Amino acid sequence: LGANIGMTVQWWAALFPSATIVAVEPDPQNFELLKHNTRNLASCYLVRAAIGTQDGRAYLSRSRFAYNSRVGTQGETEVEQLSVQTLMRIHNVKTIDLLKIDIEGGEKWLLSSNINWLNSVKCIVMEIHDGCESVVDIVLANGFQLLKKPGAEPALYFFIRRDTWV
């Protein structure tokens with residue numbers, strides 16, 4: 001979630017060549033680069049949409065930095081918004097082995113409600129932005145343990161479902 005231009009997608013695909021990857025990016029300019037950068041990845045499915053708690057429409061506010069676009073109720077570009085449940089249904093995903101969340105502050109909103117889908121996730125790598133630190137407690141309360149605390153900003157957190165590795 002928050003595929004940007006696909007650098008992390010390429011890295012995950014190289015590490016896990018048999019994995020199916022669903023890459024979600026709302027920014028139209030970033031999405032074009034994402035398509036270009038992942039054109040040779042056979043098991044990579046691209047979705048141009050924002051991620052949210054429910055399906056609908058959202059607005060994209062672009063920053064002067066392409067990696068820092070934000071989705072909300074106001075902005076200059078209207079985009080489709082999909083819930084995680086809808087993405088899972090569309091791509092016939094029952095279990096998410098690794099979920100990357102880097103949605104520029106939207107993580108607090110994404111995890112604020114309608115989070116039953118977390119039960120289908122084994123591991124999470126999440127960039128937690130300023131003001132969104134409360135999501136750590138939400139993830140922990142939903143059966144995960146924190147594997148790594150951040151060392152520097154931006155803060156990358158690594159979570160694993162407690163019952164995943166016995």
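For clarity, every value in this text was computed on a predicted model and none was experimentally measured.
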Does Ile21 form a side-chain contact (heavy atoms from CB on, under 4.5 Å) with Phe16? I'd like the steps, not just the answer. CA-CA 10 Å; Ile21 298 172; Phe16 307 106; over 6 Å; no
Please check if the side chain of Arg162 supplies one atom and the backbone of Phe144 the other of a donor-acceptor pair under 3.5 Å.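 Present.
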Look only at the side chain of Asn37 and the backbone of Ile5, and say whether a donor-acceptor pair between them is shorter than 3.5 Å.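 Indeed, once roles are kept as given, a pair shorter than 3.5 Å links the two residues.
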Tell me the closest heavy-atom pair linking [X] and [Y], and the distance in Å.
X: Ser120; Y: Met88; answer: CB-CE, 3.5 Å
X: Asp102; Y: His129; answer: OD1-CE1, 3.5 Å
X: Pro28; Y: Thr77; answer: CG-CG2, 4.4 Å
X: Ile128; Y: Cys132; answer: CG2-O, 3.5 Å
X: Ser134; Y: Lys108; answer: OG-CE, 3.9 Å

[atom1]/[X] to [atom2]/[Y] distance, rounded to the nearest 0.5 angstrom?
X: Ser83; Y: Asp55; atom1: OG; atom2: CG; answer: 4.0 Å
X: Gln81; Y: Ile51; atom1: CD; atom2: CD1; answer: 8.0 Å
X: Asp97; Y: Cys123; atom1: CG; atom2: SG; answer: 7.5 Å
X: Leu82; Y: Ile90; atom1: CG; atom2: CD1; answer: 5.5 Å
X: Gln10; Y: Trp12; atom1: CD; atom2: CH2; answer: 13.5 Å
X: Tyr157; Y: Glu127; atom1: OH; atom2: CD; answer: 11.0 Å

If you apply the rule side-chain contact (heavy atoms from CB on, under 4.5 Å), what do you find for Met126 with Val135, and how did you get there? CA-CA 10 Å; Met126 182 174 7; Val135 300; 4.1 Å; yes
Is there a side-chain contact between [X] and [Y], using heavy atoms and a 4.5 Å cut-off?
X: Leu60; Y: Asp27; answer: yes
X: Val79; Y: Arg57; answer: no
X: Leu110; Y: Leu1; answer: yes
X: Val47; Y: Leu87; answer: yes
X: Val9; Y: Met7; answer: no
X: Lys122; Y: Ile96; answer: no

I'd like to check the side chain to side chain contact (heavy atoms under 4.5 Å, CB included) partners of Leu46; sequence neighbours left out, ordered by chain and number.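 Once residues adjacent in sequence are excluded, the partners of Leu46 under the side chain to side chain contact (heavy atoms under 4.5 Å, CB included) criterion are Ala23, Phe31, Leu34, Lys35, Thr38, Cys44.
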Donor-acceptor contacts, no H, no angles, side chain residues 111-118, under 3.5 Å, sequence neighbours left out:
residue: Ser112; atom: OG; partner: Trp109; partner atom: O; Å: 2.7
residue: Asn114; atom: OD1; partner: Gln85; partner atom: NE2; Å: 2.8
residue: Asn114; atom: ND2; partner: Thr53; partner atom: O; Å: 2.6
residue: Trp117; atom: NE1; partner: Asn114; partner atom: O; Å: 3.2

Using the test ring pair (Phe, Tyr, Trp, His ring centres under 6.0 Å), find all partners of Tyr45 that sit at least two apart in sequence or belong to another chain.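 For Tyr45, the residues satisfying ring pair (Phe, Tyr, Trp, His ring centres under 6.0 Å) (neighbours in sequence not counted) are His91.
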